[in-house]
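So the structure is just underneath, and the comments pick up after that.
Throughout, residue positions are numbered sequentially from 1 according to the sequence presented.
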Amino acid sequence: MTLRMIPIRYNLRSLLERRTTSLMTALGVALVVMVLLILLGFVDGLSRTVRKAGAGGGWIVMSRGVTAEPNSYITHEQFEIVKSRSEIATVPSGEALISPEIITGFNADPDGPPAQASFTLLRGVYPIAQQVHSRMRVVEGRWPGRGKSEMIAGRKLAARHPDLRPGNKIRFGRRTWEIVGTFSDDDSARESEMWTDLDVLQQDVRYGNGLAALHVVLKPGFEDAFKQALSHDARLRVDATTEREFYADQSRFADQLRGLGLIVAAILAIGATFGGMNTMYTSVARRTREVGVLRSLGFSRANILLSFVAESVLLGVAGGAIGELLGVAVASASGLNGRLLNVDMFIFSFHLTPSAFVWGLVAAATIGALGGLLPAWRAARIGVMDALRAA
């Protein structure tokens, strides 16, 4: 028997004839897709911000086995050994492109209620850091002076906390600091930090005459040699990794947030699937004679099954499109598109990628297919004579 496909316009006409039930089912799918789209906008924005910090192509050296900069400790002797490596690139003056840095916690709103404390990182550096982190730019004011109690704020942090604008003063540790500038770093996670002079910060927090991490720029082609040299030097107990890999690892908590959000979306999707299933069962019950006519015209059980599943998928995709429009509208109306958000110490922007819209439609089509499969199977099992005798 020649396989013939039931025209898709038959399914479209059927959906239009059941406008109310079709619309209610589509709205159930739309709710799931809207939640999924907003979730992906949050997670993608956060992950993008963290990963951008490693887009400069540099390397980071920390004490062995440590995965976070504040937990690392490198002695000055180890720093001098690493600094002497020939694999490190230099500036025209001959200075090695290696930035020793110390990191401590910083409350961006010290005068606020303790329950609303906003903690981030305060990073102590030398001027060479501006060349090691080559995408950093001072967008307002200036860089902190050597040996002075001055700080410069990341652009996102300053936008979130107006008291950190240039010209203001803030109490931290044992002294009062002046905010002298604002910097940008290509929208990366570093824009959520405060930076100051390394020596002054070391005196104030009593870091123990050591460093937290070394950020390094290597000569092209010497990456493997540098990593092997550090791992085999008995005087060192450090690990070297690319900043890209380091910040990709730091962004894994964004994947955890995505996983939790997907669980919520999945629970909603189950409800939407049963709603679609109920709608399609009702449709099958009302169209028993139509099924019989289609069978008498030569359409096989497989044709019937495929047609009803396709109809349910169309309904799901329609709901998905509505959900994506609702998601964009909600993000715009609530100000998510222009608002700075934060998770832990990271400040980021809501960001929708094309893949988020693709996944929304895929989820909608999947809900439609699952919701229509059993009703379609029932329709395909209806006997021709029984269908034609139905009232």
Side-chain angles (χ1 to χ4, degrees), residues 50 52-64 66-85 88-91 95-106 119-138 143-154 157 172-173 177 181 183-186 188-218 226 230 236-247 249-250 345-346:
V50 177
K52 270 196 169 186
W59 282 65
I60 181 170
V61 179
M62 297 188 299
S63 52
R64 187 159 297 168
V66 169
T67 58
E69 289 181 279
N71 299 332
S72 174
Y73 183 81
I74 295 176
T75 66
H76 282 280
E77 291 75 18
Q78 291 174 324
F79 163 59
E80 293 298 334
I81 294 171
V82 175
K83 184 179 179 181
S84 66
R85 297 299 311 176
I88 299 177
T90 59
V91 297
E95 185 178 4
L97 280 172
I98 177 170
S99 173
E101 302 177 3
I102 62 175
I103 298 98
T104 188
F106 179 83
F119 285 100
T120 183
L121 297 179
L122 173 58
R123 190 178 297 265
V125 298
Y126 291 134
I128 190 65
Q130 299 173 68
Q131 299 180 68
V132 172
H133 303 285
S134 58
R135 297 176 307 158
M136 290 190 63
R137 300 289 183 272
V138 176
W143 196 257
R146 289 295 305 274
K148 296 182 178 180
S149 301
E150 298 176 342
M151 294 184 184
I152 185 170
L157 188 64
F172 175 78
W177 304 72
F183 71 86
S184 70
D185 188 51
D186 195 26
S188 82
R190 293 193 184 95
E191 294 186 8
S192 304
E193 299 179 356
M194 297 290 291
W195 287 37
T196 188
D197 179 68
L198 188 150
D199 291 334
V200 177
L201 181 59
Q202 194 166 47
Q203 294 168 10
D204 196 83
V205 299
R206 299 176 180 176
Y207 204 79
N209 198 34
L211 305 163
L214 310 176
H215 287 259
V216 184
V217 177
L218 300 178
F226 177 76
L230 265 58
L236 303 173
R237 290 188 57 82
V238 298
D239 290 325
T241 186
T242 64
E243 288 184 341
R244 186 180 302 276
E245 293 173 339
F246 174 75
Y247 285 106
D249 184 69
Q250 296 294 300
M345 64 186 66
F346 298 109

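Contact between Ala68 and Val66 at its shortest, heavy atoms only, is O-CG1, 3.1 Å. In terms of heavy-atom proximity, Asp185 sits nearest to Ser188 at OD2-OG, 2.5 Å.
Among residues two or more places apart in sequence or in another chain, the side-chain hydrogen bond (donor to acceptor under 3.5 Å, both in side chains) test is passed with Ser184 by none.
Of the possible polar contacts, one joining the Thr196 side chain to the Glu150 backbone as a donor-acceptor pair under 3.5 Å is found. Arg146 contributes no side-chain N or O that, together with a main-chain N or O of Asp197, makes up a donor-acceptor pair within less than 3.5 Å.
Side-chain contact between Ile88 and Val217: absent, with no pair of heavy atoms (C-beta onward) separated by less than 4.5 Å. Side-chain contact between Arg190 and Tyr247 is present, with heavy atoms from C-beta onward closer than 4.5 Å. Residues Trp195 and Pro144 fail the side-chain proximity criterion, which asks for heavy atoms closer than 4.5 Å. Side-chain contact check for Trp177 versus Met194: every heavy-atom pair is 4.5 Å or farther apart. The shortest side-chain heavy-atom distance between Val132 and Tyr126 does not fall under the 4.5 Å cut-off.
For residues 121-131, the pairs satisfying salt bridge (Lys or Arg N to Asp or Glu O under 4.0 Å) are Glu69-Arg123, Glu101-Arg123, Arg123-Glu193, with sequence neighbours left out.
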Report all side-chain donor-acceptor pairs from residues 55-62 shorter than 3.5 Å, counting only partners two or more places apart or in another chain.
none

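Atom NZ of Lys83 sits about 6.0 Å away from atom CD of Glu95, to the nearest 0.5 Å.
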